[in-house]
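What you see is a predicted model; the values in this text were computed from it and never measured. We count residues from 1, following the sequence as given.
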Amino acid sequence: MTPSSSIAAPGAVPGHEATDDHGHHPSYLTDGTTVKSWLLTVDHKRIGIMYMAWILLFFLVGGIFALLIRIELLTPGPTIMDAMTYNRVFTLHGIVMIFLFMIPAIPAIFGNFLLPLMLGAKDVAFPRLNLLSLYVYLAGAGFALWGMLNGGLDTGWTFYTPYSAHTTTTVAPVLFGAFIIGFSSILTGMNFIVTTHTMRAPGITWFKMPLMVWALYATSCIQVLATPVIGLLLLLVTAENLFSLGMFDVARGGDPVLFQHLFWFYSHPAVYIMVLPAFGVMSEIVSAFSRKNIFGYRAVAYSSVGIAFVGFFAWGHHMFVSGQSTFNAGVFGVLSMLVGVFTAIKVFNWVGTVYKGAVEFSTPFAYFCGFLFFTVFGGMTGIAVATVSLDVPWHDTYFVVAHFHFIMVGATIMAFLAALHYWFPKMFGKMYHEGWGLVSAALIILGFNATFIPQFLVGNAGMPRRYYEYPERFQALNVASTAGASLLAFGFIIIAVYLTYALIYGERVDNPWNSKGYEWLTLSPPPTHNFIGPQPTYPEEPHFYVDPKKAEGEVSDV
């Protein structure tokens, strides 16, 4: 798609097109430029942008740890660090990426920025609570990072007991930091649920809500219901580590398997906290770039809720080798596979949307294609690891590492980058270089596959995860994986360069995609209170496109 420089894009509020960013109606970016005006803002858009700055910083930190791991694994023996440092580095990589990047990335950044715009509201239901959730998140991150810099942690991001109760590394501050971050997640989830229930503009019924809103709503339900469990569990492990309570230590009469039950009761639904918003992003993008409303809207909406529901009953598939009965393992295996059914509903409806659509292949759509591949490929390997007879030999090998990186990391990053490129003009009113966008998308998709497909192979050959040294026969695949990670990093560097350039020198645009999503019914970047003049009306569903090839007034087949 060729970006449009037109300010008066379809969907913009009439009468406010060209002058609003020149002083008469300042955007949320220019309405107060002091540091205080940003730090104390209750504007959901500014809070979303501040989340973006911090989350991208943590993503950089986690990415550096990932590269250090891959460099260390270039050779079968020691390469650049000793064994204890390696343990700490892969632990920190996991904690930073999961708690500070993947869980909050899409809901905190794009959810905060877009939810009120998509609902025709001026803000979220509790703006001050929204700002508080940001600072709670930063406080938790501060505790965790302080612990990491003062001795580090060597338990892995799962904090498995009884080891985490005995290790002399700095368990307590990191766990307490993760506990605090959980409060931020709960506050954001509560805010989104109340906003969705109470602040929809007249005309936006439940089944006229954008699918991104449905995804955020389902995600928020998981955040509110599951996060308290992990919060209490982290407190118990902290107390166990500091005071030797004996809760999870067999030597003191405790039960380490109880820890696993409680941990995965949260941590498996947490996968959907990461992936469900990604599904919402993709539903918006496939409609916008196929020029069609989503095929099977209600099925896609219900499947989000279905995934959120079933996700609470699938935790046991992480524990097939923990001694649970064959019957229990079978039940958890079947329940886990149901997630694949709901996901397949989405995939088939996205493909149905693309079918006979007027597809425009731009950078966000390139990431949609990458997302589709990662979701299908990673989802199929998910069906495999939910099968007890297959999971037992693959347990704790690199096969599992590759599986969850494909479905959890790959899908989330594809959606994050798709969202970043699709809504970048909405957030900043500037356009990036489309050619560089496509080049970096190709590099990242290629680099990701080159990184993790070798890990499927090396895991299937029997290489355990988390090991510092390995037999020489695994070296070639590890070298290939490290080369892929380097390509991946290069792709991210290119994105950082051209988006920074676009922020400063980018062409001014309003709606370069001619999108019919509700969020585009206001200016880009939006004004402080989201809308100038009369509130937009919502007589049609989002992404309600008219096929120009058909007779005047006739609606495209959807």
Between [Y] and [X], do the side chains contain a donor N or O and an acceptor N or O under 3.5 Å apart?
X	Y	answer
Y137	T188	no
S287	H543	no
Y422	S515	yes
T522	K426	no

Okay, side chain of [X], backbone of [Y]: is any donor-acceptor separation there less than 3.5 Å?
X	Y	answer
Y28	R46	no
T353	F295	yes
K208	E541	no
H317	G333	no
D510	S524	yes

**Message:** How about CH2 on W38, more than 12 heavy atoms from neighbouring residues, nucleotides or ligands closer than 6.0 Å, or not?
**Reply:**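 More than 12 heavy atoms, drawn from other residues, nucleotides or ligands, come within 6.0 Å of this atom.
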**Prompt:** Do other residues, nucleotides or ligands put more than 12 heavy atoms under 6.0 Å from the CE atom of M190?
**Reply:**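 Open.
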For [X] and [Y], take the angle between the two ring planes, folded into 0 to 90°, and tell me which bin it lands in: parallel under 30, tilted 30 to 60, perpendicular over 60.
X	Y	result
F448	F452	tilted
Y272	H268	perpendicular
W264	H318	parallel
F263	W157	tilted
F371	F279	perpendicular
W394	F399	parallel

**Message:** Y501 vs Y432, test: side-chain contact (heavy atoms from CB on, under 4.5 Å). Steps then yes/no.
**Reply:** CA-CA 8 Å; Y501 183 88; Y432 52 85; over 6 Å; no
**Prompt:** Taking only residues two or more places apart in sequence or in another chain, which ones pass ring pair (Phe, Tyr, Trp, His ring centres under 6.0 Å) with F373?
**Reply:**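 By the ring pair (Phe, Tyr, Trp, His ring centres under 6.0 Å) rule, F373 matches F377.
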**Item:** Which residues share a salt bridge (Lys or Arg N to Asp or Glu O under 4.0 Å) with K45, sequence neighbours left out
**Value:**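 Per chain and number, K45 pairs via salt bridge (Lys or Arg N to Asp or Glu O under 4.0 Å) with D43.
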**Prompt:** What are the two closest non-hydrogen atoms of M209 and Y297, and how far apart are they?
**Reply:**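 Between these two residues, the closest heavy atoms are O-OH, 2.5 Å.
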**Prompt:** How long is the gap from CE on M118 to CG on N530, to the nearest 0.5 Å?
**Reply:**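 Going from CE on M118 over to CG on N530, the span is 12.5 Å.
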**Item:** Spacing of N511 atom CG and K516 atom NZ [to the nearest 0.5 Å]
**Value:**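 NZ of K516 is found 10.0 Å from CG of N511.
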**Message:** Out of the candidates F416, W54, F58, only one should pair with F101 under the ring pair (Phe, Tyr, Trp, His ring centres under 6.0 Å) rule; please name it.
**Reply:**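 Testing F101 for a ring pair (Phe, Tyr, Trp, His ring centres under 6.0 Å) against F416, W54, F58 leaves exactly one candidate, F416.
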**Asked** Partners of T363 by side-chain hydrogen bond (donor to acceptor under 3.5 Å, both in side chains), sequence neighbours excluded?
**Response**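 Here the qualifying residues are E434.
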